[in-house]
Amino acid sequence: MKNLIIIYLAAVLLQSCTGENKNTLPILGNRQVVEKEVNGKMVVDTVYQTIPPFSLTNQDSVVVTEKAFDGKIYVADFFFTSCNSICPIMHRNMLKIYTKYLNNKEVKFISHSIDTKYDTPSRLKRYADKLGVKGNQWEFVHGSYDAIFNQAAKNYLVTAFQDKTEPQGLVHDGWFLLVDKQKHMRGAYDGTKDDQVEKLMKDMDILLQEK
Amino acid sequence: MRRLVLYSLVSFVLVCVITSCKNEQELAFGRYFANGKVLYENHCQNCHSKEGQGLGLLIPPLTDTVFLKANKKELGCFIRFGLKKEIKINNTVYNENMPADDHLSDMDIAQILVYVTNSFGNNQGYYSVLEANTDLKNCK
């Protein structure tokens with residue numbers, strides 16, 4: 001009897017272990033259940049939120065759309081060049097991730113400036129240069145107020161807004177958003193915390209294994 | 001004989017005063033350093049990083065011992081009034097903008113400077129609040 005219990009416990013343990021080892025990441029955001037016709041039969045399917053098409057301007061004054069990210073996983077964030085609170089921490093961490101995946105054709109980065117008035121492409125270029133970022137694996141993008149703030153709130157589900165009572169007039173949080181090759185959001189990580197940044201890099205490796 | 005006793009007494013007192021002085025300064029150093037570390041974490045670390053490495057060419061590292069020594073009397077002014085000019089740190093030119101931090105008292109600044117100038121490979125010893133008082137009055 002005792003042996004049985006032990007075997008049972010071992011089995012349960014083993015199962016829970018293998019369950020964790022499956023290593024798949026959840027799909028974040030809204031989902032919709034839709035009915036559609038497949039081979040003349042109605043079937044129920046779940047449609048997950050994706051990052052919709054966009055058009056923004058990068059540090060080289062070149063238009064960047066969602067097409068630049070086709071077939072790639074990418075990390076997105078929101079910042080501004082004169083931000084003197086959390087942004088240096090975020091980009092010190094992002095630089096670490098960028099360095100790890102440097103020249104990996106399947107990995108990209110996009111930092112959206114929420115200082116839509118002052119962070120023109122030339123300012124973003126200067127910033128990227130001084131950060132030590134070359135080429136366009138890491139895009140620093142400028143867009144209209146609506147384009148950027150909609151992108152943050154509706155598509156990446158993060159907070160960013162103007163607030164005259166704040167010291168720098170802009171409020172945002174330090175999330176790094178991980179997006180897969182199908183443009184599904186697969187993870188959100190606090191870009192100011194070392195352990196979260198480590199987790200993000202692990203999750204990127206998992207996503208790179210996906211078809 | 002009386003003279004000998006007197007001399008040894010005086011020298012004994014003197015030695016005591018000197019050693020206790022030294023101990024007091026050592027104690028103060030420890031206290032400044034510990035408080036300075038916490039203040040650094042809250043006011044400087046986001047930009048200059050935990051190891052004082054800065055960030056690319058946007059934020060200079062705090063590891064240039066020669067620069068820190070040469071500008072010892074002005075470091076407090078950089079903190080209180082900000083710094084926006086061309087500087088050369090570890091042979092690299094920076095021309096950025098460090099915002100002023102006017103929430104910090106003279107004591108806070110003295111403690112932060114004891115921490116910074118004795119970390120990250122720097123080893124400049126004690127910097128008292130009295131020195132900070134004088135140096136901060138003379139900011140240009």
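Here is how names work: the chains are called A, B, and so on, in the same order as the sequence lines, proteins then strands, and each is numbered from 1. Predicted model only: the values in this text are computed from it and were never measured.
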query = Got a second to check how far A/L95's CG is from B/L55's CG, nearest 0.5 Å?
reply = 6.5 Å
key: Contacts of residues 33-51 of chain B with chain A (heavy atom under 4.5 Å)   = B/Q45, B/N46, B/C47, B/H48, B/S49
remark   = Under a 4.5 Å heavy-atom criterion, the part of residues 122-138 of chain A in contact with chain B comprises A/R126, A/Y127, A/K130, A/L131
ask   = Considering only heavy atoms from C-beta outward, does the side chain of A/P88 approach that of B/I59 to under 4.5 Å?
value = yes
